[in-house]
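Just so you know, these numbers come straight off a predicted model, no measurement behind them. Every number for a ligand or one of its atoms is a count from 1 in the order of the listing.
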Amino acid sequence: MKLSIYQRRLLIYLVALGFSCFPAFGQKKTINQRVDSLLKLMTIEEKVGQLNQYSGREVTGPVTSRQTYLLNDIKAGRVGSMLNVHGVKDTREIQAVALQSRLKIPLLFSMDVIHGYKTVFPIPLAEAASWDLEAIRTSAHIAAKEAAAVGLHWTFAPMVDVGRDARWGRLMEGAGEDTYLGSLIARARVLGFQGEKLGGTDAVMACAKHFAGYGAAIAGRDYNAVDMSNQLLWEAYLPPFKAAADAGVATFMNSFNTLNGIPATGNSYLQRDILKGKWGYKGFVVSDWGSIGEMVPWGYAKDEKDAAFKAIIAGSDMDMEAEAYKKNLATLVKEKKVDIKLIDDAVRRILYKKFELGLFDDPYRFSNAGREQKVLNDPQHKLVARDVAQKSIVLLKNEKQVLPLSGAVKTIALIGPLGKSKRDLEGSWIPLSDTSLVTSVYEGLRSKINPSSQIIHAKGCDITDNGQAGFAEAIAAAKQADVVVMALGESYDMSGEAKSRTDIHLPGKQEELFEAVQATGKPVVVVLMAGRPLIFPKITEKASAIVYAWWLGAEAGNALANVLTGEYNPAGKLPISFPRSVGQIPISYSMYNTGRPVKNPKDIKYKSAYIDSPNSPQYGFGFGLSYTTFSYSNPKISKTTIRSTESAELSFTISNTGNVAGEEVAQLYIQDEIASVARPLKELKDFIKVALKPGESKEIHFNINREKLAFYNSILQWTAEPGNFKLMVGASSDDIKFIQKLELK
Ligand code: NOJ
């Protein structure tokens, strides 16, 4: 029997692979060697196949009907990865098709597991409010465990885009406005998703997205252009990506936007110069859904072939759903327009990950029915979801200590469209919605309060209702109650991808409903649920208490009941500023002094001010109350002058001055007073979450070193300039307790 050249190569490869599995017969090959051996066997079409990613079904974007040829493409080795195929049964079936291909290269199965697979955790923006990196890491790890048990290898998370525009619906998926907090959370999530080491069956590959600038879409409109200085890009938007890369994130996803005129997908500066160049990143970059093709409507590529050319040159390795690579890359190589080395580099990066995950040793290792059953039904997951949900809740107001609800309360009126809702509490971006696993606010409260107390429920209105037909029933319920709890907010599909809003007031007639209920004179506790900061001036002014609960996931009702009854003392702090009006957007605490700062709010003539609003947000970054009170005292600094190789220690005491145990997040902000580039008034540089019993005090230390004083100068060098610095410690960005000065020599 005469073997063809491919068959001979294949034989050599299989023998080599065999040897690599049995080290007793030979030296175990490194992944790089295994990748190289395989690459040598591949045709150009098979190589391009590895760069092609298809969606299994219509879940997260428009799919042309390709089911008929999908399987044939997989069998022909023309597909490297599938998204939205999940579950042991489906992943096994589709993997079996891939294994019929000539080289039997396994597929990567991927999905948007953003805040849980089966167990729905709070949305990422909510979890960011916990300022609890360990809790965030644990939540990501459990999401990964469940994903890895249903045949998935890869989640398209975390989204590490900094966002300062509450109109942008995708804020819900990120960690808020701050670069420092966002970088630590990026790291925590990557480590949570990827576990100890890639390849464990309790972990999946993570994906840092969307590279880069996506959160700064002009006017908060999704998919819009982004225009920003390199200064801002490096200073505010890139660090969370760098943190993810440093934490070992396996993949990156580029973004839909242009950055200063160049689509991110075709952006060599971002992908080749920064990511794969300066940062030495070894993982691979997937495009966003169809974003290679979208360079045509952007007016950056003349047709799909040109788009494929520009994307591969710029360093986009895998084509999600555009089919531009599949249809054009081989031709571009044959026409000598694209160097085969670029294709090889992209394929190598992808194959490396497949080896690292162990898929060549066992393509089905993530698709085990027994594990699927066991992991998805682990009762522990629910408890973790409740824990992180509690930690994500922010108490914005608590007049006359109406909260926690007294055990003596006999009748509670639960009013509002979200009182019994379940689907909304899960939020957007969930792979499976199973509302039977969700505890509503009503159910949570009912199970927590005294069985002899009663809850009268009245919806009052729907979320986007225009009418007031349900108001009378709500008012009647309030009149019978000792206290009213109102559950108001957005529906789950009002924040998320393609969910930008120009008006971020509480939707529909909900604030009117609040006013009508509040007019009864009963104490009103408002629980607000949403995927973004909302504007709610009447509630701010008149509610007795306000609890910001975001979308807390399946355990929302239990977590809220624990907070409302005082079983859990809220400690969340806002990870994003809440504007007073849309006109203030984009808004961030890290603003500049300007040449005309407002010193006295009554004197704003020719000052950098609005004539119809204060500059300050309604609720500042880092703000959140507790059922107890804390005092900050005894600030000290170990040195008032340091050299750039030295550090100083800033210390102070925090005391719990109230009657219940609680946790406080103390925050360190720094300002370089005079620099070669004007610096923001405050930048978060450290924080600590400390638990204190009533009457207890703890001494806190923040280390101040060169790194905390540095910034990008006008030629983008990370530098700390000699001079004076203000070190500010506070309970929030707008509640600074003391200031110390430090000089850098
Ligand atoms: C588009 C989104 O922008 C991206 O974040 C997501 O991962 C992909 N669709 C896949 O669903």
Side-chain angles (χ1 to χ4, degrees), residues 52-64 79-86 108-117 123-125 140 143-144 147 152-163 168-175 186 189-190 193 204-217 220-226 240-241 244 249-259 263-265 283-295 297-298 311 316-324 427-433 493 495-500 531:
N52 183 29
Q53 184 183 55
Y54 281 153
S55 178
R57 39 187 140 102
E58 182 161 354
V59 180
T60 58
V63 183
T64 50
V79 185
S81 171
M82 296 289 302
L83 71 141
N84 299 331
V85 173
H86 53 119
L108 283 174
F109 293 112
S110 54
M111 195 165 193
D112 291 285
V113 179
I114 307 296
H115 53 114
Y117 179 79
I123 57 168
L125 184 63
L152 289 167
H153 310 127
W154 179 17
T155 175
F156 298 129
M159 185 186 99
V160 304
D161 296 301
V162 165
W168 190 50
R170 296 200 78 171
L171 270 188
M172 55 131 316
E173 227 181 303
R189 286 198 204 284
V190 169
F193 285 131
V204 291
M205 297 198 294
C207 180
K209 69 188 188 185
H210 306 83
F211 198 58
Y214 189 39
R221 177 156 53 82
D222 211 359
Y223 316 126
N224 203 359
V226 170
F241 288 98
V249 73
T251 68
F252 263 60
M253 183 186 293
N254 56 37
S255 51
F256 288 124
N257 54 283
T258 50
L259 180 67
T265 311
F284 70 87
V285 182
V286 63
S287 80
D288 204 344
W289 183 293
S291 70
I292 298 182
E294 288 178 15
M295 290 199 285
W298 266 119
S316 297
D317 299 310
M318 185 179 274
D319 173 357
M320 182 195 291
E321 274 294 328
E323 296 189 40
S428 78
W429 275 125
I430 49 165
L432 316 164
S433 168
D493 55 359
S495 285
E497 186 180 347
K499 297 292 190 295
S500 295

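At a cut-off of 3.5 Å, with distance as the only test, no side-chain donor of Thr258 or Trp298 sits close to an acceptor on the other residue.
Taking a cut-off of under 4.0 Å to the non-hydrogen atoms of Lys209, the atoms of ligand 1 that pass are 4 (C), 5 (O), 6 (C), 7 (O). Set against the non-hydrogen atoms of Phe156, the atoms of ligand 1 under 4.0 Å away are 7 (O). For ligand 1, the atoms closer than 4.0 angstrom to any heavy atom of Asp288 are 1 (C), 2 (C), 3 (O), 4 (C), 6 (C), 8 (C), 9 (N).
The aromatic rings of Phe241 and Phe211 stand perpendicular to each other, their planes meeting at an angle above 60°, with 30° marking the opposite boundary.
Taken from CE in Met253 to OH in Tyr214, the straight-line distance is 10.0 Å, to the nearest 0.5 Å.
Every N/O-N/O distance between Glu173 and ligand 1 stays at or above 3.5 Å. At a 3.5 angstrom cut-off on N or O pairs, Asp112 counts as close to ligand 1. Considering backbone and side-chain N/O atoms, Arg170 comes within less than 3.5 Å of an N/O atom of ligand 1.
Inter-residue side-chain proximity for Glu294 and Trp289 is flagged as unmet; no heavy-atom pair is nearer than 4.5 Å. Between Trp429 and Pro124 there is no side-chain heavy-atom pair separated by less than 4.5 Å.
Using 4.0 Å as the threshold, Met159 has no heavy atom nearer than that to any atom of ligand 1. Within the structure, ligand 1 has Met253 among the residues with a heavy atom less than 4.0 angstrom away.
When all heavy atoms of Leu83 and Glu321 are compared, the closest pair comes out as CD2-CG, 4.5 Å.
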